[in-house]
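All remarks here apply to the structure that follows.
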Number of protein chains: 2
Amino acid sequence: MSRNKERGMHKVAEILRSAGIRPTAQRIAIAQYVLREADHPTAEDVKAHLDRVFPMVSTATVYNTLNALVEHGLIRAIKFPHADAAIYDQKMHHHYHFLDEPSGRLYDVDPADVQVKPQLGATCEITEVDVLIRGRLIDPGLSGPSTTVSPT
Amino acid sequence: MSRNKERGMHKVAEILRSAGIRPTAQRIAIAQYVLREADHPTAEDVKAHLDRVFPMVSTATVYNTLNALVEHGLIRAIKFPHADAAIYDQKMHHHYHFLDEPSGRLYDVDPADVQVKPQLGATCEITEVDVLIRGRLIDPGLSGPSTTVSPT
DNA sequence: AAGACAATTTAGAATAGTTCTAAAACTTGA
DNA sequence: TCAAGTTTTAGAACTATTCTAAATTGTCTT
Ligand SMILES: [Mn+2]
Ligand SMILES: [Mn+2]
Ligand SMILES: [Zn+2]
Ligand SMILES: [Zn+2]
């Protein structure tokens with residue numbers, strides 16, 4: 001079992017260090033938010049949060065750090081067709097998303113609950129299939145699709 | 001059978017008129033390109049084409065016209081996660097896309113060749129499922145996935 | 001054929017999201 | 001304690017798209 005298989009047990013500074021990112025104060029605050037507190041935040045969301053909990057972080061540092069986290073495999077950047085800004089996803093396992101269109105909120109969907117079987121023949125090789133399910137929650141009081149992937 | 005069921009039989013000016021768009025010279029040139037000649041062009045592609053075939057069309061008119069065509073249901077605007085610019089698609093029927101990552105080219109995929117069956121339970125209602133298949137063509141000399149939807 | 005009025009087109013400014021630049025601040029480790 | 005490298009920062013730059021307001025074009029009435 002690799003050192004960070006159970007990432008939840010480590011302090012964020014440890015996670016950064018063992019991913020090869022020097023844990024500065026700004027980076028720890030940003031990583032703490034995207035890895036532990038936020039749900040599919042945009043860079044703007046991250047900046048807004050940091051403006052509350054950290055004395056002065058620049059937009060450049062927010063983007064630099066998010067890009068570093070992506071490059072070192074700690075989070076993913078995803079762009080959806082309904083919005084211009086990228087969202088950052090701390091769940092690194094393969095999963096899809098459900099968009100509740102009235103609210104704009106995203107929910108994780110377990111790929112086991114979506115059968116995707118392309119039959120494109122032999123002339124192409126598939127590396128990945130992106131799926132975005134759009135619709136609306138019937139009872140927005142509930143937490144999302146019944147198949148929501150629980151946070152790791 | 002509606003007047004434009006067989007759109008290929010009509011002149012582009014006719015199509016515009018019967019969609020409720022006044023067929024100006026600029027609009028005819030733009031519509032001719034996106035409805036008949038181009039394949040998933042961006043606004044920039046359309047502008048570049050018009051700069052060759054039309055004496056001076058502004059970027060604003062390109063966007064205005066593309067937006068009008070979208071609003072009147074003649075084309076669709078689609079955003080994909082791998083690119084910032086929207087592409088415009090003259091195929092209005094339900095279909096998916098295959099992205100050949102080495103070349104960046106998009107190919108249409110018949111939805112009959114992709115099974116997508118979300119089982120999300122009763123708490124949400126699905127209105128649409130977006131699918132983008134990413135991979136690479138084995139023989140880039142061929143025209144795309146064997147299931148490519150032939151142009152209407 | 002004019003004049004009036006509306007519709008269209010245009011150049012350029014504005015906007016949003018993100019990256020770049022180059023200087024300041026901080027860290028490290030002789 | 002200093003030099004060297006690293007990180008952070010403000011603001012400029014960039015891309016895709018929309019907005020603004022003025023010029024042009026088209027239509028209708030006389
Ligand atoms: Mn958000
Ligand atoms: Mn293109
Ligand atoms: Zn997710
Ligand atoms: Zn298409």
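Following rounding to the nearest Å, B:Glu71 (CD) and D:dT18 (P) show an atom-to-atom distance of 10 Å. Taking atom CZ on A:Arg27 and atom C1' on C:dA25, their separation rounds to 14 Å, with Å as the unit. Summarising the geometry, the separation between CZ on A:Arg17 and P on C:dT27 is reported as 14 Å, rounded to the nearest angstrom. Rounding to whole angstrom units, NE2 of residue B:His82 and P of D:dA16 are separated by 13 Å. Here the P atom of nucleotide D:dT7 and the CG atom of A:Leu16 are 12 Å apart, to the nearest Å. Rounded to an integer number of Å, the gap from CE of A:Met56 to C1' of C:dC26 is 16 Å. Remark: C1' of C:dT9 and NZ of B:Lys47 are 13 Å apart, rounded to the nearest angstrom. For the pair A:Ile30 CD1 and D:dT8 C1', the interatomic distance rounds to 10 Å; values are reported in whole Å.
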Give every donor-acceptor pair under 3.5 Å between a side-chain atom in residues 19-29 of chain B and any protein atom, sequence neighbours left out.
unit_1: B:Thr24; atom_1: OG1; unit_2: B:Arg27; atom_2: N; d: 3.2
unit_1: B:Arg27; atom_1: NH1; unit_2: B:Arg22; atom_2: O; d: 3.1

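Less than 4.0 Å separates DNA chain D from at least one heavy atom of each of the following residues of residues 62-69 of chain A: A:Asn64.
We find that A:Glu125 and B:Arg136 are joined by a salt bridge, their nearest charged nitrogen and carboxylate oxygen being less than 4.0 Å apart.
Neither OP1 nor OP2 of C:dG17 sits under 4.0 Å from any side-chain N or O of A:Thr42. Taking side-chain N and O atoms only, A:Thr59 has no distance below 4.0 Å to OP1 or OP2 of D:dA10. Phosphate proximity of D:dT6 to A:Arg22: absent, as no side-chain N or O sits under 4.0 Å from OP1 or OP2. Between B:Thr61 and C:dT10 there is a side-chain polar atom (N or O) within less than 4.0 angstrom of OP1 or OP2.
Atoms CG and OH, on A:Asp113 and A:Tyr96 in that order, are 11.0 Å from each other to the nearest 0.5 Å. In this structure, A:Asp51 CG and A:Thr59 OG1 are separated by 8.0 Å, a value rounded to the nearest 0.5 Å.
A 4.5 Å side-chain heavy-atom check between B:Val109 and A:Pro118 finds every atom pair outside the cut-off.
Partners of B:Arg76 under the side-chain hydrogen bond (donor to acceptor under 3.5 Å, both in side chains) rule, at least two apart in sequence or in another chain, are B:His95.
If you check every strand for non-hydrogen atoms under 4.0 Å, A:Ala60 touches a base. Residue contacts for B:Gln26: at a heavy-atom cut-off of 4.0 Å it reaches the sugar-phosphate backbone alone, with no base atom in range.
Nearest-nucleotide assignment on DNA chain D puts the 5′-proximal partner with A:Ala25, out of B:Tyr88 and A:Ala25.
Counting heavy atoms of neighbouring residues, nucleotides and ligands inside a 6.0 Å radius, atom CD of B:Glu44 does not exceed 12 of them. More than 12 heavy atoms of other residues, nucleotides or ligands sit less than 6.0 Å from atom CZ of A:Arg134.
When the nucleotides C:dA11, C:dG17, D:dT7 are ranked by their closest atom to the side chain of A:Asp84, C:dG17 comes out on top. Here D:dT9 is the nucleotide among C:dT18, D:dT9, C:dT10 with the atom lying nearest to any side-chain atom of A:Val57. Here D:dT17 is the nucleotide among D:dT8, C:dA11, D:dT17 with the atom lying nearest to any side-chain atom of B:Ala85.
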